[in-house]
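Have a look at the structure below, then the notes.
Chain identifiers are assigned alphabetically (A, B, ...) following the order of the sequence lines, protein sequences preceding nucleic acid strands; residue numbering begins at 1 within each chain. Computed from a predicted model, the values in this text were never measured in an experiment.
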Protein chains: 2
Amino acid sequence: MKKREDEKFNAYDIPLDDFFHFALSVDCVVFGFDNKDLKILLIERGVEPMKDLWALPGDLVRLEEGIEVSANNILKKLTGVNNIYLKQVHTFGKVDRHPLGRVITTAFYALVDISKIEISPSSWASQTKWYKVSELPQLAFDHRQIISTCINQLERDAKLQPIGFELLPKKFPLGLFQELYEAIYQTTLDKSNFRKKVKSLNILNQLDEFEKNVSHRPGKLYQFDKKRYNELKEKGFLFEIGV
Amino acid sequence: MKKREDEKFNAYDIPLDDFFHFALSVDCVVFGFDNKDLKILLIERGVEPMKDLWALPGDLVRLEEGIEVSANNILKKLTGVNNIYLKQVHTFGKVDRHPLGRVITTAFYALVDISKIEISPSSWASQTKWYKVSELPQLAFDHRQIISTCINQLERDAKLQPIGFELLPKKFPLGLFQELYEAIYQTTLDKSNFRKKVKSLNILNQLDEFEKNVSHRPGKLYQFDKKRYNELKEKGFLFEIGV
DNA sequence: TCAAAAGTGTTTCCAATACACCCATGG
DNA sequence: CCATGGGTGTATTGGAAACACTTTTGA
């Protein structure tokens, strides 16, 4: 890092060094889908400030650490899994949003297959819990707003990208797929029409396997065809699913 | 601002003060529409680093200044106009993206009516110029990437929101409106169908005025009906214009 | 034999698309 | 009188939406 003590900069003629006193944090809105509900993973903070309040998993970024790397590290700590699907959504920078100083935070959302993930509380989290998006507790900082922004973004993204696959097991019946979209859009969809539409997208592989241990006719299992999806995406193809 | 010299924080057990050495900047991708082309406003940097290179208008954020406020101030300086349409797009935080230290930057795009805006170079800009998006010069920092991200975002937004109105004069003929969307989507659209679609959205007021001084049949002028737009938006109405 | 969800087929209807044509103005 | 873009009408078609129906499993 260069010396910069007596340089001037910027339209205000303020010593350059005065600008280098921000902290940057990363907060992750981790979405999961479970039992017909869209859920978010929250932690109970184990450190000050706002100790014991529910909050988003997040952390301060170190000076030599990239933002995306930092977000990935948080999820690695929490789930043990690397390279979870992450999308940067928005940066929140209100002057007084953090009691310790000028901390701006960049919010990401993450999508995980809730059935495959084991959560392990870490140093800054004394507890973790999946909350339904409709039943969130009181939250620290401006995390309520962050969540709301991320939910909106997820809804918009879900309409144009086959994002849902990240939230489901590798193999899944179409009924589950539909329930997921019903949870995201908070609505109900016509079964027949939903199936026709999804199949017409040509990004699903039908398997020769069936659901097990269900008290109704077992559904065929499907798999996301990522290769085919990327081919179509190249061509500018749109994937409108649901509403 | 609180004392924090000897507190500890965060999973890494690093002194808290070590985290407060980021700088934050704001960069604006200002879009305008002129003569059938989508254009971006660039400045020639009048200050180090990267002096004399073309770059996005932007500045370091002061510690006591909000991010959005900072973006607004930049545009105010540049155009003399307050409350220009601004949208936060993405935050870029690569560790080595800035030669003076760890500077992360939040990118916004702005939409202006190019015919109503007078640009005045300010302290950090020795020159300003509107460039076609297809003919950009060499750019400072990672500004090429920032622009590319903002163009993508604009394209996506234009499909779902009547963003185009910000780029046009208050009163405009439908032909101009169509040309704008053709510039954004880089395609041509069928005149008759475009008109039908736009009119069916019910967010345009037809005026009793006509274009002047054109060497062809003058077109009727239209105005954006913001009130009606907001009503429909409340109801979750979608505004797909063009492709 | 009942509940519950899988899975399919049909009809209706609207909106996207393609395309042809006429109109008004300046030069 | 022609080039230019404004402005309108119509036929076709594909897909969205609504809804009825059959199938397969566990309990």
Side-chain angles (χ1 to χ4, degrees), chain A residues 33 35-37 158-160 168-169 171-183 185 187-223 232 236-243, chain B residues 33-37 158-160 168-169 171-183 185 187-223 232 235-243:
Chain A
F33 176 64
N35 196 26
K36 304 198 182 189
D37 286 309
K159 275 180 193 157
L160 300 175
L168 295 176
K171 305 171 180 184
F172 53 87
L174 286 186
L176 194 64
F177 196 51
Q178 179 175 345
E179 281 171 7
L180 169 59
Y181 276 82
E182 290 178 340
Y185 297 141
T187 183
T188 56
L189 301 168
D190 181 90
K191 203 202 322 171
S192 172
N193 296 333
F194 182 84
R195 286 163 168 264
K196 267 178 278 185
K197 179 142 193 183
V198 166
K199 288 187 173 179
S200 75
L201 295 176
N202 272 314
I203 50 175
L204 286 182
N205 288 331
Q206 202 182 77
L207 305 175
D208 282 326
E209 297 175 60
F210 292 84
E211 276 183 290
K212 276 170 186 163
N213 306 317
V214 286
S215 74
H216 58 263
R217 175 174 171 181
K220 272 211 169 175
L221 295 180
Y222 290 78
Q223 219 172 358
L232 292 170
F237 204 82
L238 277 186
F239 298 86
E240 296 192 45
I241 301 178
V243 170
Chain B
F33 176 64
D34 178 43
N35 196 26
K36 306 200 180 186
D37 287 308
K159 276 182 193 156
L160 301 174
L168 296 176
K171 305 171 179 181
F172 53 87
L174 286 187
L176 195 65
F177 196 50
Q178 180 175 343
E179 281 170 9
L180 169 60
Y181 276 82
E182 290 179 338
Y185 297 141
T187 183
T188 57
L189 301 167
D190 181 272
K191 205 201 323 173
S192 171
N193 297 332
F194 182 83
R195 283 161 173 266
K196 266 179 278 186
K197 179 141 191 182
V198 167
K199 287 187 173 177
S200 76
L201 294 177
N202 272 314
I203 50 177
L204 286 182
N205 286 332
Q206 200 182 79
L207 306 175
D208 282 326
E209 298 176 60
F210 291 84
E211 275 182 289
K212 277 170 188 163
N213 305 318
V214 287
S215 74
H216 59 263
R217 175 175 170 182
K220 272 211 168 174
L221 295 180
Y222 290 80
Q223 220 172 358
L232 292 171
K235 295 179 192 161
F237 205 81
L238 276 186
F239 298 87
E240 296 192 43
I241 300 178
V243 172

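The NZ atom of B/Lys197 sits 11 Å away from the C1' atom of C/dT17 (whole-angstrom rounding). Taking atom CZ on A/Phe177 and atom P on C/dG7, their separation rounds to 14 Å, with Å as the unit. Atom P of nucleotide D/dG26 and atom CZ of A/Phe210 are separated by 13 Å, given to the nearest angstrom. Rounded to whole Å, the distance from CZ on B/Arg195 to P on D/dT8 is 7 Å. Protein atom CD of B/Glu211 is 9 Å distant from nucleotide atom C1' of D/dG5, rounded to whole Å. Atom CZ of B/Phe194 and atom P of D/dG6 are 11 Å apart (whole Å). Summarising the geometry, the separation between CG on A/Leu221 and C1' on D/dT25 is reported as 15 Å, rounded to the nearest angstrom.
Contact detail for A/Leu189 and A/Glu182: the closest heavy-atom pair is N-OE2, 2.8 Å. Across every non-hydrogen atom of B/Leu207 and B/Lys220, the tightest pair is O-CD, 3.9 Å.
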Query - Nucleotide-resolved protein contact map, nucleotides 19-27 of chain C, B/S/- at heavy-atom distance under 4.0 Å - result: B---BBBS-
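Between the side chains of A/Lys191 and A/Gln178, not a single donor N or O lies within less than 3.5 Å of an accepting N or O.
Every residue two or more places apart in sequence or in another chain that forms a side-chain hydrogen bond (donor to acceptor under 3.5 Å, both in side chains) with A/Glu209 is listed here: A/Lys171.
In this structure, B/Glu179 and B/Phe172 have side chains that are not in contact, with every pair of non-hydrogen atoms separated by 4.5 Å or more. Using a 4.5 Å cut-off on side-chain heavy atoms (C-beta onward), B/Leu221 and B/Glu211 make contact. In this structure the side chain of B/Phe33 reaches within 4.5 angstrom of the side chain of B/Leu176, judged on heavy atoms.
The aromatic rings of A/Tyr181 and A/Phe177 lie perpendicular to each other, with more than 60° between the two planes, well past the 30° mark.
Within 4.0 Å of A/Lys199, counting heavy atoms only, lie sugar-phosphate atoms of the nucleic acid but no base atom.
An end-to-end axis angle of 0° holds for the helix from C/dT1-D/dA27 to C/dG27-D/dC1, taken from five base pairs per end and rounded to 10°.
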